[in-house]
Amino acid sequence: MSRLHLHLVSDSTGETLEMVAKAALAQFDDAEIVRHFWPMVRSRQHLSRILPDLADNPGLVLFTLVNPETRATLEDHCRRLGLPAVPALDAVTEALENQLGQEAHGRPGRQHAMDEAYFRRVEAIQFTIAHDDGVGWERWEEADIVLAGVSRSSKTPTSIYLANRGYRVANIPLVVESPPPPALFALRRPLVVGLTTAPERLVQIRRNRLLSLNEGTETSYVDNERVREEVQFARRMFADNGWPVIDVTRRSIEETAAAIIRLLSERDGASETLLGSKPI
């Protein structure tokens with residue numbers, strides 16, 4: 001197994017750098033990665049405190065530093081140590097400069113500024129938490145997205161992820177014995193999306209959930225035939241109402257959220273059609 005020391009050096013929170021590194025590392029198997037995370041590095045004095053670790057643990061250095069002096073110090077130190085140092089956002093920034101005809105501002109952490117978009121995201125998170133699991137149906141018309149699906153079909157984690165992207169989301173569990181409120185079928189503004197999954201996978205997830213609660217009793221909640229009926233009931237509802245459907249069986253939360261955002265963009269005419277037939 002390959003072993004690599006990966007140094008992530010950022011002049012902000014390092015969130016962007018971590019996401020870039022995670023996306024790239026996902027392409028490699030059987031690699032042992034030792035991460036060294038250095039956020040908020042905004043001066044040569046701060047940088048000097050982490051340079052010894054680079055020498056003690058040589059590897060790959062990824063960085064996002066906009067201060068020219070701090071950046072030059074890091075690059076010079078890496079050259080003397082023979083370490084590759086990669087500016088993670090340089091290629092994108094340069095391409096944007098060329099296309100926009102202007103230079104980047106070079107302000108550390110500018111993407112995390114408390115601007116209008118930041119407060120919209122906070123409001124979206126508050127809305128989504130307040131409208132989880134079928135709560136607050138009276139205000140569903142204010143949502144951007146409403147997710148519907150049987151229990152344990154990833155509605156809540158997908159909702160929270162979308163809220164962090166700035167979307168107000170409500171979600172509702174579909175239960176055979178308890179029809180959803182009529183308001184669900186009268187929604188005009190929100191995009192209603194049905195989430196479905198393979199019954200076999202759903203039973204497994206539900207069993208794990210019961211085990212985590214120290215509940216070993218066999219109930220209809222994990223009965224194979226009953227779960228299959230639940231999924232069929234939900235699919236019929238999706239079809240009857242013409243709601244787009246996403247099969248989450250083999251999807252991560254991020255992939256499901258990306259598909260939902262594309263659907264919303266298509267509906268609002270903000271992008272070209274990217275999706276094929278349903279279910280997605």
task = Check the pair I261, Y167 against side chain to side chain contact (heavy atoms under 4.5 Å, CB included), reporting the backbone distance first and the verdict last.
result = CA-CA 9 Å; I261 292 170; Y167 297 94; 3.5 Å; yes
message = Pair R139, E142 - check salt bridge (Lys or Arg N to Asp or Glu O under 4.0 Å), show working.
response = CA-CA 6 Å; R139 294 186 59 197; E142 300 173 31; 2.7 Å; yes
task = Could you please spell out the steps behind the side chain to side chain donor-acceptor pair (under 3.5 Å) verdict for S159 and T128?
result = CA-CA 7 Å; S159 296; T128 300; over 6 Å; no
task = Could you walk me through whether L8 and H36 pass side chain to side chain contact (heavy atoms under 4.5 Å, CB included), step by step?
result = CA-CA 6 Å; L8 305 176; H36 303 259; over 6 Å; no
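V66 and L62 are not part of a single hydrophobic cluster, where members link through side-chain heavy atoms under 4.5 Å apart. Under the 4.5 Å side-chain heavy-atom criterion for ILVMFWY residues, a single connected hydrophobic cluster contains both L17 and L4. Put simply, L6 and F37 are part of the same group of oily side chains (I, L, V, M, F, W, Y) that touch within less than 4.5 Å, one to the next. Residues I125 and I160 fall within the same hydrophobic cluster, defined by Ile, Leu, Val, Met, Phe, Trp and Tyr side chains chained together at heavy-atom separations under 4.5 Å.
Taking all atoms of both residues into account, the shortest heavy-atom contact from S153 to L195 is O-CD1, 3.6 Å. For A257 against Y161, the heavy-atom pair with the smallest separation is CB-CD2, 3.3 Å. Of all non-hydrogen atoms in S154 and I253, the two that sit nearest each other are CB-CD1, 3.9 Å. The minimum heavy-atom distance linking V222 with R207 is given by the pair O-NH2, 3.6 Å. Counting all heavy atoms, side chain and backbone alike, L147 lies closest to K155 at CD1-O, 3.8 Å. Shortest non-hydrogen contact noted between P190 and V146 is CB-CG2, 3.9 Å.
Inter-residue side-chain proximity for L89 and T16 is flagged as met; some heavy-atom pair is nearer than 4.5 Å. By the 4.5 Å heavy-atom criterion applied to side chains, M40 and D11 are not counted as neighbours. For the pair F233/V150, no side-chain contact is recorded, criterion being any heavy-atom separation below 4.5 Å from C-beta on. Contact check for P244 versus L191: side-chain heavy atoms found under the 4.5 Å cut-off. Here the side chains of V192 and N241 are not in contact, with every heavy-atom distance at 4.5 Å or above. L187 is listed as a side-chain neighbour of W140, based on a closest heavy-atom distance under 4.5 Å. In this structure, the side chains of H5 and L60 stay at 4.5 Å or more apart for every pair of heavy atoms. In this structure the side chain of R42 reaches within 4.5 angstrom of the side chain of S12, judged on heavy atoms.
Under a cut-off of 6.0 angstrom, the local environment of CE in M19 is sparse, with at most 12 non-hydrogen atoms contributed by other residues, nucleotides or ligands. For Q99, the CD atom counts as loosely surrounded, since its 6.0 Å shell holds 12 or fewer non-hydrogen atoms of other residues, nucleotides or ligands.
No side-chain donor-acceptor contact under 3.5 Å links R206 to the backbone of R152. Checked by atom type and distance alone, the side chain of R235 never pairs as donor or acceptor with a backbone atom of T196 at under 3.5 Å. The closest donor-acceptor contact from the side chain of D144 to the backbone of R168 lies under 3.5 Å. For the pair D223 (side chain) and T219 (backbone), a donor-acceptor distance under 3.5 Å is absent. Formation of a donor-acceptor pair under 3.5 Å by the H7 side chain with backbone atoms of N57 is found in this model. Between the side chain of S252 and the backbone N or O of E255 there is at least one donor-acceptor pair closer than 3.5 Å.
With a 4.5 Å cut-off between side-chain heavy atoms of Ile, Leu, Val, Met, Phe, Trp and Tyr, the cluster of W38 takes in V9, V41, L47, I50, L51, L54, V61, F63, L65, L74, L81, L83.
For the 3.5 Å distance criterion, the side chains of T197 and T249 qualify, holding a donor opposite an acceptor.
A salt bridge links E75 to R71: at least one charged side-chain nitrogen sits closer than 4.0 Å to a carboxylate oxygen. The pair R188-E141 fails the salt-bridge criterion, with no side-chain N (NZ, NE, NH1 or NH2) lying under 4.0 Å from an Asp/Glu carboxylate O. Using a 4.0 Å cut-off between charged side-chain N and carboxylate O, R228 and E225 make a salt bridge. Using a cutoff of 4.0 Å between basic side-chain nitrogens and carboxylate oxygens, D76 and R80 are scored as salt-bridged.
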Name the atoms and distances for all side-chain donor-acceptor pairs under 3.5 Å in residues 129-136, with sequence neighbours left out.
residue: H131; atom: ND1; partner: F127; partner atom: O; Å: 2.7
residue: D132; atom: OD1; partner: T156; partner atom: OG1; Å: 2.7
residue: D132; atom: OD1; partner: N171; partner atom: ND2; Å: 2.6

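Note that the CG atom of L213 and the CG atom of N208 stand 11.0 Å from one another [nearest 0.5 Å].
Using a 30° and 60° split on the angle between ring planes, W243 and F185 fall in the parallel class, below 30°.
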